[in-house]
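Residues: numbered from 1 along the sequence shown.
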Amino acid sequence: MDAYLETERLVLRRFTADDAGLLIELDSDPAVMRYLTGGQPTAPQVVREQHLPRILAGYEQWFGELGLFAAHEKDGGAFIGWFLSRPQPEGPLDEVELGYRLRRAAWGKGYATEGSRALLAKAFTELGVRMVWAETMSVNNGSRNVMEKLKMTRTASIPVPSDMEMIEGSEHGGVRYEITKEQWKQ
């Protein structure tokens with residue numbers, strides 16, 4: 001496994017064209033997709049023809065340093081989900097989004113915090129990133145807790161995108177958290 005980043009318990013690597021099955025399985029769990037699609041799975045064809053090609057193109061666009069990364073447990077190699085550290089499509093390279101999507105079996109083990117903390121360190125110490133941001137639904141307490149453990153600051157309430165308005169809790173909107181390199185150093 002060609003590691004992009006390692007933590008105490010995780011290995012993050014770049015996805016390959018052979019990884020569609022991992023993404024399809026992850027996105028087929030209604031609990032995983034609860035705050036994204038209201039629990040509806042992503043169609044396998046969409047993963048194969050749209051999502052995975054976009055992920056792979058991101059590595060080329062950002063020189064393999066930013067993008068979406070498969071996460072595996074070091075002990076046993078089980079796929080637990082993915083983490084992302086990437087700019088907006090036309091955004092500056094020194095402002096990146098942080099995100100994660102983990103299999104239900106990986107919840108509650110501190111993996112989201114561990115992987116995210118390592119991505120923040122890499123972004124700020126190796127990649128010239130100035131600011132990292134993350135967004136989630138207001139009612140997604142699990143993700144909000146991770147952002148707060150990372151010492152990210154809530155900076156805004158945001159509207160839920162129109163394609164997410166059918167999701168339970170969408171009437172409460174979303175939240176944006178940020179952390180700058182200077183804040184992270186403290």
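Residues satisfying the side chain to side chain contact (heavy atoms under 4.5 Å, CB included) criterion with Arg176, sequence neighbours excluded, are Met131, Trp133, Glu135, Thr155, Ala156, Ile158, Glu178. In this view, Glu114 and Thr7, Glu8, Arg9, Leu10, Tyr111 satisfy the side chain to side chain contact (heavy atoms under 4.5 Å, CB included) rule, not counting sequence neighbours. Looking at residues two or more places apart in sequence or on another chain, you find no side chain to side chain donor-acceptor pair (under 3.5 Å) involving Gln50. With sequence neighbours excluded, the residues satisfying side chain to side chain donor-acceptor pair (under 3.5 Å) with His72 are Arg13. Remark: Glu25 engages Arg103 in a salt bridge (charged side-chain N to carboxylate O under 4.0 Å, His left out) (not counting sequence neighbours). Not a single salt bridge (charged side-chain N to carboxylate O under 4.0 Å, His left out) links Glu97 to another residue, sequence neighbours left out. Considering only residues two or more places apart in sequence or on other chains, Glu168 meets the salt bridge (charged side-chain N to carboxylate O under 4.0 Å, His left out) condition with none of them.
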Between side-chain atoms of residues 121-129 and protein atoms elsewhere (two or more places apart, or another chain), which donor-acceptor pairs fall under 3.5 Å?
{"from": "Lys122", "atom 1": "NZ", "to": "Glu126", "atom 2": "OE1", "distance (Å)": "3.0"}
{"from": "Thr125", "atom 1": "OG1", "to": "Ala121", "atom 2": "O", "distance (Å)": "2.6"}

In residues 52-69, what donor-acceptor pairs under 3.5 Å come from side-chain atoms, sequence neighbours left out?
{"from": "Tyr59", "atom 1": "OH", "to": "Phe15", "atom 2": "N", "distance (Å)": "2.8"}
{"from": "Tyr59", "atom 1": "OH", "to": "Leu68", "atom 2": "O", "distance (Å)": "2.2"}
{"from": "Gln61", "atom 1": "NE2", "to": "Pro89", "atom 2": "O", "distance (Å)": "3.4"}

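Residues Gln88 and Val96 have side chains not in contact (no heavy-atom distance under 4.5 Å, counting atoms from C-beta outward). You'll find the side chain of Val139 reaches within 4.5 Å of the side chain of Tyr35, heavy atoms only. Between Met137 and Met164, the closest side-chain pair of non-hydrogen atoms falls below 4.5 Å.
In this structure, Val160 and Gly174 approach most closely via the heavy-atom pair CG2-N, 4.0 Å.
For residues 147-179, no pair satisfies ring-ring contact (aromatic ring centres under 6.0 Å, His included), with sequence neighbours left out. Pairs passing the salt bridge (charged side-chain N to carboxylate O under 4.0 Å, His left out) check and including a residue from residues 27-40, sequence neighbours excluded, read Asp27-Arg101, Asp29-Arg104. Listed by first and then second residue, the salt bridge (charged side-chain N to carboxylate O under 4.0 Å, His left out) pairs that reach into residues 147-164 come to none, sequence neighbours excluded.
For CD of Gln45, the number of neighbouring non-hydrogen atoms (other residues, nucleotides, ligands) closer than 6.0 Å is 12 at most.
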